[in-house]
Amino acid sequence: MSLFGLNSRNQKTFRPKKNAPSGTKGAQLQMHIDATLGSGNLREAVRLPPGEDINEWLAVNTVDFFNQVNLLYGTLTEFCTENNCPTMSAGPRYEYRWADGVTIKKPIEVSAPKYAEYLMDWIEAQLDDEAIFPQKLGAPFPQNFRDVVKTIFKRLFRVYAHIYHSHFQKIVTLKEEAHLNTCFKHFVLFTGEFRLIDKGELAPLSDLVDSILQL
């Protein structure tokens with residue numbers, strides 16, 4: 001069953017789910033995430049477990065949130081098209097341009113689906129790079145690890161902002177706004193707990209973010 005009940009429509013997800021290798025620290029922490037999320041207490045679920053390494057916790061959650069956003073956006077690919085969404089935006093005041101600093105150094109204007117494609121490719125490349133996201137237990141994280149994580153979350157937020165501003169009515173029609181809101185609440189609480197997104201970046205959804213953080 002797909003996230004937004006599109007059984008009879010497009011079941012294609014945006015790309016395959018990424019999992020931590022079994023037997024790794026990441027896999028153990030993923031089990032902890034699944035268990036605490038099952039309790040329904042999202043504030044408790046985002047907290048660093050006692051005695052755990054902060055970078056390990058950030059790493060496994062980065063993979064988890066990448067998978068969540070990937071699935072959410074994947075259910076909208078038939079609606080979020082070059083024609084419907086010619087720019088990557090979050091309402092009339094916010095437009096996002098793409099640059100990865102390597103192949104595209106100067107930010108370029110792209111459609112929302114192209115931005116999402118570039119973004120998911122870029123995040124996958126970071127997650128697959130063991131110099132950034134080490135898989136072996138005890139392997140060191142790079143000094144700039146937190147900066148990489150912050151950039152990933154900042155850009156994942158832009159996908160949420162686009163979904164809420166451009167596709168929320170479609171989600172309401174499909175009666176799946178509760179699922180989207182729960183995923184976004186989890187995302188906001190986690191990024192707020194570890195100060196991963198600057199307040200200015202949250203402006204397109206500031207009212208929603210504030211309501212979540214004040215609960």
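A donor-acceptor distance shorter than 3.5 angstrom exists from the side chain of Asn41 to the backbone of Glu44, with no hydrogens or angles considered. Checking side-chain atoms of Asp53 against main-chain N and O of Glu56 turns up a donor-acceptor pair under 3.5 Å. No side-chain donor-acceptor contact under 3.5 Å links Asp129 to the backbone of Ala125. The backbone N or O of Thr77 lies less than 3.5 Å from no partner atom in the side chain of Thr81, so there is not a single donor-acceptor pair.
With sequence neighbours excluded, the residues satisfying side chain to side chain contact (heavy atoms under 4.5 Å, CB included) with Ala139 are Pro134, Lys136. In this structure, Pro86 has no side chain to side chain contact (heavy atoms under 4.5 Å, CB included) partners at least two apart in sequence or on a different chain.
A cation-pi arrangement is present between Arg155 and Trp98 under the rule of less than 6.0 angstrom and at most 45 degrees off the ring axis. Cation-pi geometry between Lys114 and Tyr118 is met: under 6.0 angstrom from the ring centre, within 45 degrees of the axis.
The side-chain contact (heavy atoms from CB on, under 4.5 Å) test with Phe153 is passed by exactly one of Val69, Thr191, Leu58, Val148: Thr191. With respect to Thr62, the side-chain contact (heavy atoms from CB on, under 4.5 Å) criterion is satisfied by exactly one of Leu196, Val149, Leu156: Val149.
The shortest non-hydrogen separation linking Leu76 to His167 is CD1-CB, 4.1 Å. Nearest heavy atom pair, residue Ala112 against residue Cys80, reads CB-SG, 3.6 Å.
Here the side chains of Pro49 and Trp57 are in contact, with some heavy-atom distance below 4.5 Å.
The aromatic ring centroids of Phe65 and His186 lie less than 6.0 Å from each other.
Dense packing is recorded around CD of Glu130, with more than 12 heavy atoms of other residues, nucleotides or ligands lying under 6.0 Å away.
Between Arg97 and Glu95, at least one side-chain nitrogen of the basic residue sits less than 4.0 Å from a carboxylate oxygen of the acidic one, meeting the salt-bridge criterion.
Ring geometry for Phe157 versus Phe187: interplanar angle under 30°, hence parallel rather than tilted (30 to 60°).
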